[in-house]
Amino acid sequence: MTEDAVPARPPRTGFVRFVLALVVFALVWVPTAVLRDTLAAMSLDPPARISLGLANMLVPVLLLAFVTPLVSYRRRDALCALIPFYNIWFTARIAWRLAYLPYHDWLPRDDERADWQLVRHPADPARLAHVVIRRDV
């Protein structure tokens with residue numbers, strides 16, 4: 001383990017991470033709720049309402065598709081946002097991981113292992129953390 005791979009700033013505290021995760025969670029689900037309420041207030045014929053409602057379901061999927069690779073998920077995993085009830089847990093998990101970057105307290109996928117390095121946790125030397133190694137290509 002080399003200490004030079006550790007980012008310059010220490011990891012976020014639990015409270016700060018929680019607040020940031022709430023902000024990310026809200027950024028995913030508030031637009032969906034606003035669009036849903038707007039559609040409910042509009043007087044449209046049923047086919048238009050259905051098509052706009054289906055498009056509204058894709059908003060969280062599209063937003064999550066951009067950030068899932070940053071937190072060890074594949075882009076296609078963003079489709080989990082279409083599963084009722086699970087979508088809330090899944091989004092919260094993505095938000096929780098995003099709030100901790102650039103540190104990683106989860107295990108890397110097999111295809112990511114080569115780019116990750118295990119280092120001592122800067123805030124708690126008894127623990128370990130993963131850090132992405134920047135490789136120049």
Query raised in the report: Can you pull the salt bridge (charged side-chain N to carboxylate O under 4.0 Å, His left out) pairs that have at least one residue in residues 13-34, sequence neighbours excluded?
Result: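 Passing the test, one end in residues 13-34: Arg17-Asp105.
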Indicate if [X] and [Y] have the same hydrophobic cluster label, given that clusters are the connected sets of ILVMFWY residues with side-chain heavy-atom separations under 4.5 angstrom.
X	Y	answer
Ile94	Leu101	yes
Met57	Leu79	yes
Leu54	Leu82	yes

Query raised in the report: Short question: side chain of Asn56, backbone of Thr32 - any donor-acceptor pair under 3.5 Å?
Result: yes
Query raised in the report: With sequence neighbours left out, what residues match Tyr86 under side-chain contact (heavy atoms from CB on, under 4.5 Å)?
Result: Cys80, Ile83, Trp89, Phe90
For a quick test of your reading: what N or O donor-acceptor pairs under 3.5 Å do the side chains of residues 59-75 make, sequence neighbours left out?
| unit_1 | atom_1 | unit_2 | atom_2 | d |
| --- | --- | --- | --- | --- |
| Thr68 | OG1 | Leu64 | O | 3.4 |
| Thr68 | OG1 | Arg74 | O | 3.3 |
| Ser72 | OG | Trp106 | NE1 | 2.8 |
| Ser72 | OG | Glu112 | OE1 | 2.8 |
| Tyr73 | OH | Arg93 | NE | 2.9 |
| Arg75 | NH1 | Ala65 | O | 2.5 |

Query raised in the report: Which pairs count as side chain to side chain donor-acceptor pair (under 3.5 Å) when at least one residue sits in residues 18-29, sequence neighbours excluded?
Result: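 Checked against side chain to side chain donor-acceptor pair (under 3.5 Å) - neighbours excluded - the pairs reaching residues 18-29 are Trp29-Thr91.
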Indicate every side-chain donor-acceptor pair of residues 21-28 with a distance under 3.5 Å to a residue at least two apart or in another chain.
none

Report task. Under 4.5 Å between side-chain heavy atoms, chaining through other members, with only Ile, Leu, Val, Met, Phe, Trp and Tyr counted: pull out the rest of the cluster around Val34, sorted by chain and number. Result ->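 Other cluster members: Val30.
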